[in-house]
J.: 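Before I ask anything, here is the structure I am working with.
Nothing fancy with the numbering, it's 1 onward along the sequence. As the structure is a prediction and not an experimental result, all values here were calculated from the model.
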Amino acid sequence: MTATATATTTARTELLVDGTWRRPASGGVTEVENPATGEVVGTSAEGTAPDVDLAVEAARRAFAGWSTTALEARLEVLGRWAALLDQRRELLVETVVAEVGAPVALAREAHVGMALEVLGAYLAEAAAVPWEQRIGSSLVLREAVGVAACITPWNWPLYQVLAKIGGALVAGSTVVLKPAELTPLSAYLLADAALDAGLPAGVLNLVPGSGRVVGEAMVTHPDVDVVSFTGSTGVGVRISQLAAPDVKRVCLELGGKSASVVLPGADLDVAVPASVQGAMLNSGQTCSAWSRLLVPDELLPAVLERAAAEAEQLVPGDPAAPGTSLGPVVSAAQRATVTGFVERARAAGARVLTGGERNPCDRGHFVAPTVVTDVAQDAEIVQQEVFGPVLTIQGYADVDQAVALANDSAYGLHGAVWAEDRERALGVARRLRTGQVDVNGAAFNPAAPFGGYGRSGNGRELGRYGIEEFLETKSVQL
């Protein structure tokens, strides 16, 4: 197969600080690569610590006005922003395809469509926040926490940004945003629309750059009140350590190793394809991916055959082509990481049913959809996040063992249960130690809280709960 994507080129060289585009202090520019072809498809400013200082100062100045603006007025501005983003939907789709390599159908539905639904849900759920509440003789007030440092990953570049700054801005907090170095282009489009919508100067500031330089300057800045980060568990731990001396609030959405549990009697024609798709979505570069499939021992042979067949139906290739269903992983380094997991699992005795270490395309950073079995529960590929299109399948003897295997993970972000009877599935869902569980493929809800147990992080995003991450609580005794 051939990856032939011709991406839109987006040349940006400036930062957004205090409502004005300006060159970074260093004058540095970073190139953005299309992972499907290796071609440069854009540039981004490369910020430094002095740029962060200016951005945080601007956010601090803007905080007094934005946090005391009536909620209805904030929502009016943010509603205009949402409408402008919707008008620019196709440009956002083209940009996401170019910078992350998502197949165009996935980019349109999930990357952009879902991101705009998340913003819409924030606006709709604002009324559900208990902004003022009487508890006996006390009046409990919810007030914006202050300046929010939002640091986002490359795997869902538009969605992850809106999942953070949408909640922060509705809450009345002001924002300094650092998008991922590999995928900063869609964040520029968000900032353009915010300016056009009339968002006051300094309420949203954009400082692209490296995590080590820009990210750490944001986390350690004394005038930042809350850090909201999505990314690896290792970086999340470091952020917590860096933020601790100032007792900053830290909200973390980290890795996952989620299990899809098929119970006896479940419809395999539904559960198996959906579980494979759930593992491979976005080339497996999803923290909530169902990367482990657990099935009754007696069903294991049939499930292995169906899962491998389903994976083989995925079509890797040009993300801009309508028939493509599997894009590349984001970089050569990520490809090496993913294939390394498969290579070591095979060497340890695992059976690779389909896929493996080969690149199914003639260029770009593609990984073939891969299904692996005969793996031990303590195997690296079962316990660690692979972040690529790799699914492991294991059998279990009874439901208690299925729950034990699902919960035998340092992570707890997402899960699935499939059963003939919804109440039985719900009973198992209640026993899973994870932040989200889908029963029989129920649809994602952008207004429901999203976050993890254990090393998958703390805090919640989306809807009312996502707004409340950026609020303080004050009790006034009357």
J.: Does any part of the side chain of Val203, heavy atoms only, come nearer than 4.5 Å to the side chain of Val175, both counted from C-beta?
T.: no
J.: Which pair of non-hydrogen atoms, one from Ala49 and one from Val213, has the smallest distance, and what is that distance?
T.: N-CG1, 4.0 Å
J.: Short question: side chain of Tyr122, backbone of Ala163 - any donor-acceptor pair under 3.5 Å?
T.: yes
J.: Within 45 degrees of the axis of the six-membered ring of Phe341 and under 6.0 Å from its centre: does Arg344 put its NZ or CZ there?
T.: yes
J.: Taking distance alone, no hydrogens or angles, what donor-acceptor pairs closer than 3.5 Å link side-chain atoms of residues 71-80 to residues at least two apart or in another chain?
T.:
unit_1, atom_1, unit_2, atom_2, d
Arg74, NE, Val170, O, 3.1
Arg74, NH1, Trp66, O, 3.4
Arg74, NH1, Thr69, O, 2.8
Arg74, NH2, Val170, O, 3.0
Arg80, NE, Ala197, O, 2.9
Arg80, NH2, Ala197, O, 2.9

J.: Residues two or more places apart in sequence or in another chain: which of them pass salt bridge (Lys or Arg N to Asp or Glu O under 4.0 Å) with Lys257?
T.: none
J.: Evaluate the side-chain proximity of Thr43 to Thr30: yes if any heavy-atom separation is below 4.5 Å, no if none is.
T.: no
J.: Under a 4.5 Å cut-off applied to non-hydrogen side-chain atoms, are Ile151 and Thr230 in contact?
T.: no
J.: Would a distance-only check, ignoring hydrogens and angles, find a side-chain to backbone donor-acceptor pair under 3.5 Å from Tyr188 to Glu14?
T.: yes
J.: Donor-acceptor pair, distance only, cut-off 3.5 Å: does the side chain of Asp438 make one with the backbone of Ala416?
T.: no
J.: Judged by modelled atom types alone, do Ser409 and Gln383 share a side-chain donor-acceptor pair under 3.5 Å?
T.: no
J.: Flag the pair Trp154 / Tyr159 as yes when their ring centroid distance falls below 6.0 Å, and as no otherwise.
T.: no
J.: If only atom types and distance count, is the side chain of Gln285 paired as donor or acceptor with the main-chain N or O of Val329 below 3.5 Å?
T.: no
J.: Checking Glu181 against Ser210: is there a side-chain donor and acceptor pair closer than 3.5 Å?
T.: no
J.: If we ignore hydrogens and angles and just use 3.5 Å, is the side chain of Thr339 paired with the main-chain N or O of Arg335 as donor and acceptor?
T.: yes
J.: Mark yes or no for whether Thr152, through its side chain, and Val161, through its backbone, hold a donor-acceptor pair below 3.5 Å.
T.: no
J.: List the residues meeting side chain to side chain contact (heavy atoms under 4.5 Å, CB included) with Asp225, not counting sequence neighbours, and say none if there are none.
T.: Arg60, Val145, Val147
J.: Rounded to the nearest 0.5 Å, how far does CG of Asn155 lie from OG1 of Thr286?
T.: 6.0 Å
